Amino acid sequence: MAAALRVIEAANLFAGDDGPDNSKHLTLQSVKLPDWREKTQEHHPGGSIGAINLGGFGIEAPELTFKLIGSDPQTRLLFGLGTRQLRPYTVYAVVRDKETSRAIERKVVVRGRMVEISAAELQRGSPGAQDHKVAEITHYEEYEDKQEIYLWDFYSATWRVRGVDQTASERAILRI
C-alpha cells in the first residue's frame with residue numbers, strides 16, 4: 001500500500017486563547033510551526049581521523065511564527081514586558097487526503113510568549129502585514145486526525161511521540 005498523499009489546504013490561528021474574537025481566519029497569511037531539532041555537540045577525539053556530531057542532548061528551543069495581513073491590535077497587545085505571562089496559541093489546519101478527499105484536522109497548541117512583532121513597510125495601495133514570533137515555549141501539543149503526534153512539556157520534562165513517552169526512563173532515574 002502506498003503512503004497517503006496529504007496536503008494542507010487551509011489554516012486558522014487563535015492568538016492568546018480560543019475566544020471567538022481571537023480567531024485570525026480572515027487575516028492569517030502564513031504560520032510556521034516549530035522546527036524540532038536535537039541539541040548536538042561536535043566530538044573530535046584526539047585519536048580519530050574525523051569528528052561526529054553527538055545527539056541526544058535535548059531539544060532546541062522551539063518557536064512559532066505567523067504573519068497577519070493588515071493591522072491587528074489584539075495580537076499587538078500580547079507583546080511587551082508588561083505581558084510576561086505565557087499564553088496559548090492554537091493552530092487548526094485542514095489536511096486533505098488526496099486519494100480519498102477526506103478532510104483531516106491538524107491541531108497544534110503552543111504555550112509561550114509573544115517576543116517579536118515586525119510591521120511591514122506602509123505603502124499606499126497595500127494592506128500591510130505584521131510578522132509575529134512566539135518563543136519561551138514551555139508546552140507543545142500536535143494532533144492529526146485526533147491522534148497525538150507530539151507532546152512536549154518543558155516543566156515536566158515530557159516528550160511523547162504518538163503517545164509513547166520518550167523520556168520516562170530518564171525522569172525515573174532523576175526522580176522527576
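By convention here, the first residue in the shown sequence is residue 1. What you are looking at is a predicted structure, and each value in this text was computed from that prediction instead of being measured.
Contact check on R162 versus E148 returns no salt bridge, with no Lys/Arg side-chain nitrogen under 4.0 Å from an Asp/Glu carboxylate oxygen.
Across every non-hydrogen atom of G112 and Y89, the tightest pair is O-CE1, 3.8 Å. Nearest heavy-atom pair across S71 and P73 is O-CD, 3.5 Å. Minimum heavy-atom separation, A15 to Q74: O-NE2, 2.9 Å. Minimum interatomic distance between P127 and I69 (heavy atoms only, all atoms of both residues): CG-CD1, 3.4 Å. Scanning all heavy atoms of the two residues, the minimum distance from P62 to I137 falls at O-CD1, 3.5 Å. Here the closest heavy-atom approach between residue Q130 and residue G70 is recorded as CG-O, 3.8 Å.
Without hydrogens or angle criteria, R37 side chain to D35 main chain gives no donor-acceptor distance under 3.5 Å. Under the 3.5 Å distance criterion, the side-chain polar atoms of Q166 are matched with a main-chain donor or acceptor of V164. Panel note: side chain R96, backbone S101; a donor-acceptor pair is recorded below 3.5 Å.
Hydrophobic clustering (ILVMFWY, side-chain heavy atoms < 4.5 Å, transitive): V94 and Y92 are in distinct clusters. No chain of hydrophobic side-chain contacts below 4.5 Å, direct or via other Ile, Leu, Val, Met, Phe, Trp or Tyr residues, connects I149 to I8. Under the 4.5 Å side-chain heavy-atom criterion for grouping Ile, Leu, Val, Met, Phe, Trp and Tyr, Y143 is not connected to V7 through any hydrophobic cluster. Cluster annotation: V134 and V109 are assigned to distinct hydrophobic clusters (Ile/Leu/Val/Met/Phe/Trp/Tyr, side-chain heavy-atom contacts under 4.5 Å, transitive).
Every salt bridge (charged side-chain N to carboxylate O under 4.0 Å, His left out) that E142 has, sequence neighbours left out, goes to R106. Residues passing the salt bridge (charged side-chain N to carboxylate O under 4.0 Å, His left out) test with D153: none are found, sequence neighbours excluded. With sequence neighbours excluded, the residues forming a salt bridge (charged side-chain N to carboxylate O under 4.0 Å, His left out) with K146 are E105, listed by chain and number. Qualifying side-chain hydrogen bond (donor to acceptor under 3.5 Å, both in side chains) partners for T158, counting only residues two or more places apart in sequence or in other chains: S156. Take I104 and apply the side chain to side chain contact (heavy atoms under 4.5 Å, CB included) test, not counting sequence neighbours, and it matches R6, V95, D97, R102, E144, D145. Considering only residues two or more places apart in sequence or on other chains, R171 meets the side-chain hydrogen bond (donor to acceptor under 3.5 Å, both in side chains) condition with D165, T167. Residues meeting the side-chain hydrogen bond (donor to acceptor under 3.5 Å, both in side chains) test with N53, sequence neighbours left out: none. With sequence neighbours left out, the side-chain hydrogen bond (donor to acceptor under 3.5 Å, both in side chains) criterion links Y150 to no other residue.
Clustering of Ile, Leu, Val, Met, Phe, Trp and Tyr side chains at separations under 4.5 Å places I176 together with L174.
When each of L26, L28, V31 is paired with L68, the side chain to side chain contact (heavy atoms under 4.5 Å, CB included) condition holds for L28 and for no other. For the side chain to side chain contact (heavy atoms under 4.5 Å, CB included) with Y140, the qualifying choice from W152, W159, F154 is W152, the only one to do so.
From L78, atom CG reaches atom CE of M114 across 5.0 Å, with rounding to the nearest 0.5 Å. Here the CZ-CD distance, from R160 to E141, works out to 8.5 Å after rounding to the nearest 0.5 Å. The distance from the OG1 atom of T40 to the CG atom of L54 is 8.5 Å, given to the nearest 0.5 Å. One finds the CG atom of L13 at 7.5 Å from the NZ atom of K24 (value rounded to the nearest 0.5 Å).
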Criterion side-chain hydrogen bond (donor to acceptor under 3.5 Å, both in side chains) on T65 and D131, from CA distance to verdict: CA-CA 7 Å; T65 59; D131 289 310; over 6 Å; no

Does the pair L33 and L64 meet the rule for a side-chain contact (heavy atoms from CB on, under 4.5 Å), with working shown? CA-CA 5 Å; L33 298 177; L64 172 78; 4.0 Å; yes

Would T90 and K107 count as a side-chain contact (heavy atoms from CB on, under 4.5 Å) here? Give the steps. CA-CA 7 Å; T90 305; K107 178 182 178 183; 4.2 Å; yes

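Within the 4.5 Å cutoff, the side chain of E63 has no heavy atoms near those of the P34 side chain.
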Using residues 115-125 as the side-chain source, report each donor-acceptor pair under 3.5 Å to any protein atom, sequence neighbours left out, with the distance given to one decimal.
none

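Pairs engaging residues 95-131 under the ring pair (Phe, Tyr, Trp, His ring centres under 6.0 Å) rule: none recorded [sequence neighbours left out]. Identified under the ring pair (Phe, Tyr, Trp, His ring centres under 6.0 Å) test for residues 42-75, with sequence neighbours left out: F66-H132.
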